[in-house]
Amino acid sequence: MAHLKPLPASTTPSLEEDFAVFTNILGFIPNSLLTMQRRPDIVKGFAALTRAVMSEEGTVDPGFKRLLSHFASRAAGCQYCEAHSLIAAGIHGISDDKINAIWEYKTSPLYTAAEKIALDFALAAGSVPNAVSDSLIAEMKAHWNEGDIVEILAAISLYGFLNRWNDSMATELESAPTELGRRVLSQGGWTGGKHISGNQR
């Protein structure tokens, strides 16, 4: 059970446009934001950062930025964000085949060399303590320009906030990401953990 109950979206009418940012990303308003709205300015600030980081006007594919967020969340161990970021990746253009191959990304022909290095980077950047090394940065620079790297790290860092928020709050996972987690992520040991009612903690 979540430590704080999500409030109805109608509780804070002034957040309608901010909630719409996340409906566009996920297809629904996440319980994390419905809980966070107890302090509306935090929702507004996070929505503004999300707009900037996940902008489709960048040079990094919007769907791939969600995959980066997934790998960073995997490193952090946040099962809520693992499922959320993966469902968002599908909504934003990552194929089912590519999603189904995430556990074999290092060897899968569906992932380019540049993508594989960036996903390695996301795992390293999402780890505590941080595991980004000089050699990994050198590999990144061989495949991505400096603007790309800023955009990639921003996607990873955005989910750093969400990983801490949702694991500390034990945010209840919604039905669509739960189903995706059970279908795809359970192959790697995902259970939903504290984010699904009835699971052992």
Side-chain angles (χ1 to χ4, degrees), residues 1-12 15-16 18-40 42-43 46-47 49-50 53-54 62-96 98-103 105 119 122-123 126-128 155-201:
M1 179 182 296
H3 299 314
L4 293 181
K5 183 178 179 181
L7 302 175
S10 59
T11 302
T12 317
L15 293 179
E16 183 177 358
D18 302 289
F19 285 149
V21 172
F22 302 96
T23 302
N24 179 60
I25 290 170
L26 293 164
F28 56 89
I29 303 170
N31 286 331
S32 53
L33 276 293
L34 294 175
T35 302
M36 199 182 295
Q37 72 175 309
R38 289 172 169 84
R39 293 293 181 265
I42 298 176
V43 174
F46 188 71
L49 182 61
T50 300
V53 171
M54 295 300 185
F64 187 65
K65 284 192 277 193
R66 272 73 183 196
L67 276 186
L68 291 162
S69 300
H70 169 78
F71 276 72
S73 298
R74 185 189 297 183
C78 179
Q79 296 194 53
Y80 182 91
C81 292
E82 286 180 59
H84 267 229
S85 52
L86 205 58
I87 201 167
I91 289 170
H92 293 273
I94 300 297
S95 70
D96 287 345
K98 204 164 186 177
I99 287 172
N100 290 333
I102 58 166
W103 296 109
Y105 80 96
L119 295 174
L123 287 171
S127 297
V128 177
I156 293 164
S157 299
L158 180 74
Y159 268 72
F161 176 87
L162 291 174
N163 296 157
R164 282 157 182 78
W165 179 274
N166 290 303
D167 260 353
S168 298
M169 196 63 72
T171 309
E172 185 78 12
L173 196 58
E174 305 82 2
S175 58
T178 297
E179 190 280 328
L180 180 66
R182 287 174 172 156
R183 180 173 57 83
V184 177
L185 296 177
S186 61
Q187 299 171 39
W190 185 94
T191 64
K194 66 177 77 174
H195 306 288
I196 296 177
S197 295
N199 279 358
Q200 292 287 340
R201 295 194 187 173

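Only a predicted model underlies this, so the values are computations on that prediction, with no experimental measurement involved.
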Can you see which heavy atom on Ile102 is nearest to which on Leu185, and at what distance?
CD1-CD2, 3.7 Å
I'd like to know if the side chain of Ser186 and the backbone of Gly189 have a donor-acceptor N/O pair within less than 3.5 Å.
no
Just verifying a value: how many Å separate Leu26 CG and Arg66 CZ, rounded to the nearest 0.5 Å?
8.0 Å
Mind running side chain to side chain contact (heavy atoms under 4.5 Å, CB included) on Thr50 and Leu158 for me, showing each step along the way?
CA-CA 7 Å; Thr50 300; Leu158 180 74; 3.8 Å; yes
At what distance, to the nearest 0.5 angstrom, does OH of Tyr159 lie from SG of Cys81?
6.5 Å
Could you walk me through whether Gln37 and Thr12 pass the side-chain hydrogen bond (donor to acceptor under 3.5 Å, both in side chains) check?
CA-CA 7 Å; Gln37 72 175 309; Thr12 317; 2.7 Å; yes
To the nearest 0.5 Å, atom CG of Leu33 lies from atom CG of Asp18 at 8.5 Å
Atom of Ala170, atom of His3 and distance for their closest heavy-atom approach
CB-NE2, 3.7 Å
Please report the closest heavy-atom contact between Trp190 and Gln79, naming both atoms and the distance.
NE1-O, 3.1 Å
Taking the ring centre of each residue, are Tyr105 and Phe71 less than 6.0 Å apart?
yes
Are His84 and Phe28 near enough that their ring centres are under 6.0 Å apart?
yes
Tell me, do Tyr80 and Asn31 make a side-chain contact under 4.5 Å, heavy atoms counted?
yes
Side-chain donor or acceptor of Thr171 paired with backbone N/O of Asp167 under 3.5 Å:
no
Looking at Met54 and Ala155, what are the two nearest heavy atoms and their distance?
CE-CB, 4.1 Å
Look up atom CD1 in Ile99 and atom CG in Leu180, then write down how far apart they are to the nearest 0.5 Å.
6.5 Å
CG-OG distance between Asn163 and Ser168, expressed to the nearest 0.5 angstrom
10.0 Å
Got Phe64 and Leu119 here, is their nearest side-chain heavy-atom distance under 4.5 Å?
yes
d(Asn166 CG, Cys78 SG) to nearest 0.5 Å is 5.0 Å
Just do the side-chain hydrogen bond (donor to acceptor under 3.5 Å, both in side chains) check on His70 and Arg74 with the steps written out, would you?
CA-CA 6 Å; His70 169 78; Arg74 185 189 297 183; 3.1 Å; yes
Donor-acceptor pair, Thr11 side chain versus Pro8 backbone, under 3.5 Å?
yes
At their closest point, which heavy atom of Ala83 faces which heavy atom of Pro177, and how far apart are they?
CB-O, 3.5 Å
Ser197 vs Glu172 side-chain heavy atoms within contact, under 4.5 Å:
yes
Between the side chain of Arg38 and the main-chain N/O of Thr35, is any donor-acceptor distance below 3.5 Å?
yes
Smallest separation among heavy atoms of His92 and Asn24, with atom names:
NE2-O, 3.5 Å
Distance-only, no hydrogens or angles: does the Lys194 side chain make a donor-acceptor pair with backbone N or O of Met1 under 3.5 Å?
no
Which residue pairs pass the salt bridge (Lys or Arg N to Asp or Glu O under 4.0 Å) test with at least one member in residues 174-183, sequence neighbours excluded?
Glu179-Arg183
For Leu34, the option from Ile29, Leu7, Val43 that meets side-chain contact (heavy atoms from CB on, under 4.5 Å):
Ile29
